[in-house]
Amino acid sequence: MCDYYFDGKGKAFRPMIVVLMARACNIHHNNSREVQASQRSVAIIAEMIHTASLVHDDVIDDANSRRGKMTVNQIWGERKAVLAGDFILSAASVALARIGNTAIISVLTQVIEDLVRGEFLQLGCKENENERFAHYLEKTFKKTASLIANSCKAVSILGCPDPKVHEIAYQYGKNVGIAFQLIDDVLDFTSCADHLGKPTAADLKLGLATGPVLFACQQFPEMNAMIMRRFSKPGDVERARKYVLQNIIKCSGYLLALKLPPVTGRGKRQEGG
Ligand code: GRG
């Protein structure tokens with residue numbers, strides 16, 4: 001069960017960013033092009049924490065497909081899926097302890113706290129419209145960006161003693177992580193299920209108002225009531241989806257006017273729009 005997602009089918013986006021950040025810091029510090037074993041471990045641990053959170057997330061969301069295949073909970077049931085997620089997280093903790101550096105342990109365990117807090121934030125919804133975007137960004141930082149930000153910071157600590165570099169690495173990871181999630185939330189509306197490897201409009205079906213919904217709501221204020229009832233009335237999901245797509249098409253028009261082709265599946269820009 002624990003091996004199931006380590007089949008090379010994920011994008012490995014996090015370990016890739018972390019190894020590149022390690023190289024950048026090492027070159028900056030002493031022109032070394034080698035990635036240290038401990039930095040490589042951080043990249044591996046980042047992917048393990050990510051995978052554990054996916055396994056648990058699919059239980060919480062009762063999801064049945066991910067990366068184009070059945071989820072762990074769908075095949076083996078919820079109880080075993082929770083334990084498999086725990087086991088991957090415990091293996092990541094052992095690998096983290098083996099690095100033998102308390103600063104790195106402190107930075108990477110913060111990620112685990114943030115992931116859980118982010119998941120709790122997602123369960124809530126702000127009644128005040130003006131607070132919703134800040135709430136969404138805080139949730140996004142904790143659920144997605146903290147892992148990338150803190151993993152980048154960890155490899156920078158291992159590669160370079162300058163605290164200014166640690167802060168730059170953290171901020172880079174934070175911004176890449178938030179941007180990644182913003183696009184992920186758009187793709188939930190614009191991609192097809194085959195491309196995503198999971199059903200589309202999944203967030204709306206779970207009652208979640210992500211960035212594209214919050215932006216569309218500025219143009220279609222009747223979405224406010226739908227957000228508050230978490231798209232639970234029959235027809236809410238379909239209507240909200242229509243409004244969001246209308247708003248995305250309008251925004252794509254602005255991008256075309258700026259000669260920037262709109263973003264399509266898997267974050268690729270389509271030549272010629
Ligand atoms: C067990 C550590 C732990 C946490 C429990 C369930 C939970 C708390 C947190 C959920 C965090 C979560 C699943 C956030 C979503 C992040 C996200 C954008 C996932 C998709 O990432 P991709 O597209 O996936 O990089 P691949 O499949 O490419 O790896």
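Counting starts at 1 for both ligands and their atoms, following the listed order.
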**Student:** Would you say Phe180 contacts ligand 1, with heavy atoms under 4.0 Å as the rule?
**Tutor:**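 The answer is yes: ligand 1 sits under 4.0 Å from a heavy atom of Phe180.
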**Student:** Can you list the ligand 1 atoms lying under 4.0 Å from a non-hydrogen atom of Thr144?
**Tutor:** 16 (C)
**Student:** Quick one: does ligand 1 sit under 4.0 Å from the side chain of Lys143, the backbone, both or neither, non-hydrogen atoms only?
**Tutor:**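 Within the 4.0 Å criterion, Lys143 contacts ligand 1 through backbone and side-chain atoms alike.
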**Student:** Hey, are the side chains of Thr140 and Leu182 touching, using non-hydrogen atoms and a 4.5 Å cut-off?
**Tutor:**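 Counting from C-beta outward, Thr140 and Leu182 never come under 4.5 Å.
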**Student:** Please check if any side-chain donor atom of Arg66 sits under 3.5 Å from a side-chain acceptor atom of Asn73, or the reverse.
**Tutor:**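 No - no donor-acceptor pair under 3.5 Å links their side chains.
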**Student:** Could you say whether the N/O atoms of Arg67 and ligand 1 ever approach to under 3.5 Å?
**Tutor:**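 N/O-N/O distance below 3.5 Å exists for this pair.
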**Student:** If you measure from OH on Tyr243 to CZ on Arg241, what distance do you get to the nearest 0.5 Å?
**Tutor:** 15.5 Å
**Student:** Under 4.0 Å from any heavy atom of His56, which atoms of ligand 1 are there?
**Tutor:**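 Answer for ligand 1: 1 (C), 6 (C).
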**Student:** Taking only Lys NZ, Arg NE, NH1 and NH2, and the carboxylate oxygens of Asp or Glu, determine whether Glu238 and Lys242 approach each other closer than 4.0 Å.
**Tutor:**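 Looking at Glu238 and Lys242, the cut-off is not met.
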**Student:** Considering Lys11, Glu119, Lys9 one by one, which has a heavy atom nearer to atom 9 (C) of ligand 1 than any of the others?
**Tutor:** Glu119
**Student:** Does the plane of the ring in Phe133 sit parallel, tilted or perpendicular to the ring in Phe215? Use 30° and 60° as the thresholds.
**Tutor:** tilted
**Student:** Testing Gln39, Arg33, Glu34 one by one against Asn26 for a side-chain hydrogen bond (donor to acceptor under 3.5 Å, both in side chains), which residue passes?
**Tutor:**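 Of the listed residues Gln39, Arg33, Glu34, the side-chain hydrogen bond (donor to acceptor under 3.5 Å, both in side chains) partner of Asn26 is Gln39.
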**Student:** Side chains of Lys69 and Tyr4: does their closest heavy-atom pair fall under 4.5 Å?
**Tutor:** yes
**Student:** So which bit of Ile60 gets within less than 4.0 Å of ligand 1, heavy atoms only: side chain, backbone, both or neither?
**Tutor:** side chain
**Student:** Does ligand 1 have a heavy atom under 4.0 Å from the side chain of Asp57, from its backbone, from both, or from neither?
**Tutor:**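 For Asp57, the contact with ligand 1 is made by both the backbone and the side chain.
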**Student:** May I ask you to check if ligand 1 and Asp184 share an N or O to N or O distance below 3.5 Å?
**Tutor:**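 No.
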